[in-house]
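Reminder, nothing fancy here: chain letters follow the sequence lines and each chain counts from 1.
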Amino acid sequence: MIYLDNGATTLLKPKSVSRASAYAIRHYASPGRGGYRAAMEAAEEVYNCRELAAKLFDTQPDQIAFTLNATHGLNVAIKSLIGPGDRVVVSGFEHNAVMRPLVAIGADVVIAGRRLFDPDGAVEEFSEAITPETKAVICNHVSNVFGYILPVEKIAEICKEREIPFILDASQSAGCMEISHRDLGAAFIAMPGHKGLYGPQGTGILVCGQLGKTLLEGGTGSQSELLTMPEFLPDRQEAGTHNVTGICGLAKGLEFVLAQGPVHILRHEQRLIEKAVEGLADMPYVHCYAGNSCTQAGVLSFNVEGMDCEEVGQYLAQHDIAVRAGLHCAPVAHESAGTDKTGTVRVSVGAFNSKRDIAAFLGKMKKLHR
Amino acid sequence: MYECYLTFRSITPCQQAQRYLTGQSLRSQLLRTPKSIAFKGCGYSLKLNDTAIGLAAAKLRQANISYGSAYRIYSDGRVEELYL
């Protein structure tokens with residue numbers, strides 16, 4: 001199989017990831033609950049993962065809370081800061097992991113920056129939309145549909161100046177872009193462990209700039225005489241037994257990313273996307289949504305004239321090429337780009353893809369209209 | 001005879017403190033807080049040498065790593081809180 005659906009999950013991972021998870025399931029007990037060897041060793045591995053994440057995201061280990069995925073982290077962040085009727089400014093490229101909680105809460109959602117691959121325009125629109133009444137700003141770092149790199153550093157700067165909490169959705173950027181929690185001053189940064197951090201599914205990280213409300217309550221192995229959740233991190237956001245097998249795998253994924261360097265991984269992915277765009281440009285029946293190396297990461301959307309995106313996805317699947325078609329759980333992003341009626345076909349690459357994968361994909365695309 | 005402990009409210013700050021102290025060449029043992037000094041239920045502690053506990057506490061304060069309290073537990077079960 002040629003796997004080009006890394007925006008959903010990086011299926012190709014360092015071998016050390018599955019080895020670490022397999023070792024953990026055989027040897028580790030619950031961390032932070034006992035004093036015996038299997039529990040203490042589990043706790044050591046969990047803390048090791050916190051330290052690696054803290055290093056990658058330029059923060060302190062106790063500000064790293066483990067979650068189930070990015071959606072879990074975003075729900076904690078959003079429900080900590082936003083209530084019914086509160087004004088929230090979001091980008092025009094948000095995923096439903098942001099939009100659905102906001103709609104469920106009944107927030108007053110203002111969308112800024114809807115033009116694709118226009119970061120300067122986005123900064124201007126955010127600056128206008130953020131008013132003293134704004135309770136929070138939420139921004140996707142990289143669009144999961146178009147790979148558009150949003151100018152989150154500048155948006156975070158505006159938030160800092162105006163003392164408005166900033167939430168970053170780093171679902172597509174964690175692991176392939178430099179993210180400094182210290183520099184951004186974000187209230188929360190949410191991300192999955194199973195995409196650009198190369199960890200197993202069922203893992204995620206919420207970088208916490210503040211305590212936040214609890215989404216779940218339960219045992220933490222600390223302050224057990226209290227019937228309320230601890231008022232300190234990370235325990236407040238980590239009710240119940242940790243996903244130790246997942247976290248051990250995630251630690252190996254983080255080690256891989258730290259060794260490669262996010263900038264190196266991004267450049268590799270961008271080269272592959274550039275090659276795909278060049279190849280698709282020779283096919284007049286294909287329309288690509290392409291930016292440049294400053295505005296697009298390792299994700300590319302396209303459509304084929306006269307074909308439904310799902311048909312294209314199915315055709316590629318029949319040739320053992322894995323891509324994703326449809327709305328990608330991001331109808332707002334499709335509305336912004338004018339593809340909400342059609343959807344798109346999405347190619348998303350990772351560190352383990354090669355030029356050969358792109359060549360194979362292009363080869364099948366050439367045969368599509370013959 | 002006695003043993004000296006710095007207590008922590010949870011395992012994560014205890015681990016953070018132990019790694020910091022190890023980096024400062026101060027050895028410690030991480031373990032469950034003994035019942036006699038676990039006044040707020042479950043917790044973890046660092047067991048240190050009597051000669052090292054004062055320096056360790058000072059270094060943690062300097063590094064803004066907070067600990068709960070410091071104790072000496074005597075072999076006959078008596079507990080003495082240390083004000084370091």
Is it true that [Y] and [X] share a donor-acceptor pair across their side chains at a distance under 3.5 Å?
X	Y	result
A:Ser222	A:Asp235	yes
B:Arg9	B:Tyr67	no
A:Thr245	A:Asn243	yes
A:Glu45	A:Tyr47	no

Checklist line | Members of residues 167-203 of chain A whose heavy atoms come closer than 4.5 Å to chain B | finding: none
Checklist line | Residues of residues 247-258 of chain A contacting chain B, heavy-atom criterion under 4.5 Å, by residue number | finding: none
If I take atom [atom1] from residue [X] and atom [atom2] from residue [Y], how far apart are they, to the nearest 0.5 angstrom?
X	Y	atom1	atom2	value
B:Gln18	B:Ser28	CD	OG	4.0 Å
A:Arg37	A:His27	CZ	NE2	8.5 Å
B:Ser69	B:Tyr5	OG	OH	15.0 Å
B:Leu31	B:Ser45	CG	OG	6.5 Å

Checklist line | side chain to side chain contact (heavy atoms under 4.5 Å, CB included) evaluation trace for A:Phe66 with A:Glu238 | finding: CA-CA 7 Å; A:Phe66 292 114; A:Glu238 293 183 352; 3.5 Å; yes
Notebook entry, point to check: For A:Glu44, is it the side chain, the backbone, both, or neither that has a heavy atom closer than 4.5 Å to a heavy atom of chain B?
Noted result: both
Check: Of the backbone (N, CA, C, O) and the side chain (C-beta and beyond), which part of A:Arg33 lies under 4.5 Å from a heavy atom of chain B, both, or neither?
Finding: backbone
Notebook entry, point to check: Is the centre of the B:Tyr2 ring less than 6.0 Å from the centre of the B:Tyr74 ring?
Noted result: yes
[options]: which one forms the most heavy-atom pairs within less than 4.5 Å of chain B?
options	result
A:Ala39, A:Pro61, A:Pro31, A:Gly34	A:Gly34
A:Gly35, A:Ser224, A:Gly32	A:Gly32
A:Glu51, A:Gln223, A:Gln60	A:Glu51

Notebook entry, point to check: Is any side-chain N of the basic residue among B:Asp50 and B:Arg72 closer than 4.0 Å to the acidic one's carboxylate O?
Noted result: yes
Note to self: Counting neighbours of CD1 on A:Ile25 that are heavy atoms of other residues, nucleotides or ligands and sit closer than 6.0 Å, is the number greater than 12?
What the structure shows: no
Next item on the list: Mind ranking B:Ala38, B:Ser10, B:Gly43 by heavy-atom pairs under 4.5 Å with chain A and telling me who comes out on top?
Entry: B:Ser10
